[in-house]
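Input: a single structure, listed below in structure tokens.
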Number of protein chains: 2
Amino acid sequence: MKSTPIPAVQEIIARCRMAGLRRTKALEQLVMTLLEIGRPMTLSELAASNRLTDQCDKATVFRLLQRLVDHAVVRRLGLHERAAYFTLLMPGKHSDYLICTSCGSIEAITAACPVHQLEEEIRVKTGFRQLYHELEFFGVCPKCA
Amino acid sequence: MKSTPIPAVQEIIARCRMAGLRRTKALEQLVMTLLEIGRPMTLSELAASNRLTDQCDKATVFRLLQRLVDHAVVRRLGLHERAAYFTLLMPGKHSDYLICTSCGSIEAITAACPVHQLEEEIRVKTGFRQLYHELEFFGVCPKCA
DNA sequence: GTAATTGCAAATACTTTGCCACGTA
DNA sequence: TACGTGGCAAAGTATTTGCAATTAC
């Protein structure tokens, strides 16, 4: 599941470059971190990660994430915590999440997402553009129960 | 769709009373407001609503919502904005939402939710307790496009 | 060289708590 | 009366912006 991250990093950065972003240290480190950890992360987590600490300011990470969201390289998720979560947007991949309301653990769900048909219906019926969805399951995990 | 709210208000307050809450002005006004508006609202919206303005402090609304969430009368939703949203939890009813990322409008989706089977599978496979889900569709509404 | 990007510091936004007064049961 | 609840003010946490310095192209 966890293939060598380097090619993926290069591919994502290539997408950024085509979107007009510059190849900066912060960009590389941010993408590597998100790929390596493999789950949505908060701004604080990202800025505090050992790759980024002392390498760039939280404001920098914030603005970088903002640009990446604008260019659909990253998606901002709600996930219920007070802080927003960010995850890499991989073309053709979609994740739903299972979240423990007690310990806050976040797990991506691999099962096929049953929502695509409804999403298509909504697209047609409502005329919404750039439609996507977020599906989260909340509950108390076995450890916490 | 919008039946006389009074009976529903009484019913919800009865549930609160059974949970040990006192029947206060703030509780009544809060429940009436949420019922009347009929969509998730933020703490600020609630505290600023004409029913509650000058009637009680934002901190009061905050703590009241907290109690209502604890007693499963209200649910706190993410919905992607910086502020949390709150909605009445009606037994047997479930809503998914369609949200415009441009103007922020929120609309409940009436179509049957296609997620229940997956939810059941997850409950069995993972052993999570008190499982529920949140499904949101995001996009740009026709007005904003 | 030029425009994008960064760091630092300060400003916002929203939430949460302390403490004492008040009202419901 | 007693304990849940309310108001006010202050603190906490997360986000967002201004501006001058720096860096990628």
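Here is how names work: the chains are called A, B, and so on, in the same order as the sequence lines, proteins then strands, and each is numbered from 1.
The nearest whole Å value for the distance from the NE2 atom in B/His71 to the P atom in D/dG4 is 11 Å. Per the geometry, CD belonging to B/Gln29 stands 17 Å off C1' belonging to D/dG7, to the nearest Å. The distance from atom CZ of B/Arg67 to atom P of D/dC3 is 16 Å, rounded to the nearest whole Å. Distance B/His80 NE2 to C/dA13 C1': 18 Å, rounded to the nearest Å. For the pair B/Met18 CE and C/dA25 P, the computed distance is 15 Å after rounding to whole Å. Atom pair B/Leu68:CG and D/dG6:P shows a separation of 10 Å (rounding to whole Å applied). Whole-Å rounding puts the B/Leu65 CG to D/dG6 P distance at 11 Å. If you measure from atom CD of B/Glu45 to atom P of C/dA13, you get 16 Å, rounded to the nearest angstrom.
Using a 4.0 Å heavy-atom distance criterion, B/Leu64 is classed as making no nucleic acid contact. Residue contacts shown for B/Leu27 are absent, as no nucleic acid heavy atom lies under 4.0 Å away.
When the nucleotides C/dT5, D/dG7, C/dA25 are ranked by their closest atom to the side chain of B/Cys56, D/dG7 comes out on top. Closest approach to the A/Thr60 side chain among D/dA14, C/dT15, C/dG7 is made by C/dG7 (side chain taken as heavy atoms from C-beta onward).
Evaluation of the salt bridge (Lys or Arg N to Asp or Glu O under 4.0 Å) rule for A/Glu136 yields no partner, not counting sequence neighbours. Judged as a salt bridge (Lys or Arg N to Asp or Glu O under 4.0 Å), and not counting sequence neighbours, A/Glu107 has no contacts. Take B/Lys58 and apply the side chain to side chain donor-acceptor pair (under 3.5 Å) test, not counting sequence neighbours, and it matches B/Ser44. Every residue meeting the salt bridge (Lys or Arg N to Asp or Glu O under 4.0 Å) condition with B/Arg23, not counting sequence neighbours, appears here in chain and number order: B/Glu28.
In this structure the side chain of A/Phe137 never reaches within 4.5 angstrom of the side chain of A/Ile99, judged on heavy atoms.
A donor and an acceptor atom sit less than 3.5 Å apart, one in the side chain of A/Arg22 and one in the base of C/dA3.
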- How does protein contact run along nucleotides 16-22 of chain C, one letter per nucleotide 5' to 3', with B for base contact, S for sugar-phosphate only, - for none, heavy atoms under 4.0 Å? BBBB---
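Every pair tested for salt bridge (charged side-chain N to carboxylate O under 4.0 Å, His left out) that includes a residue from residues 66-77 of chain A fails, sequence neighbours excluded, so the list is empty.
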- Residues B/Phe138, A/His133; criterion ring-ring contact (aromatic ring centres under 6.0 Å, His included); working and verdict: CA-CA 6 Å; B/Phe138 295 95; A/His133 71 271; 9.6 Å; no
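The residue among A/Leu21 and B/Leu21 whose nearest nucleotide of DNA chain C is located toward the 5' end is A/Leu21. Each of A/Thr24 and B/Arg17 was matched to the nucleotide of DNA chain C holding its nearest heavy atom; the match closer to the 5' end belongs to A/Thr24.
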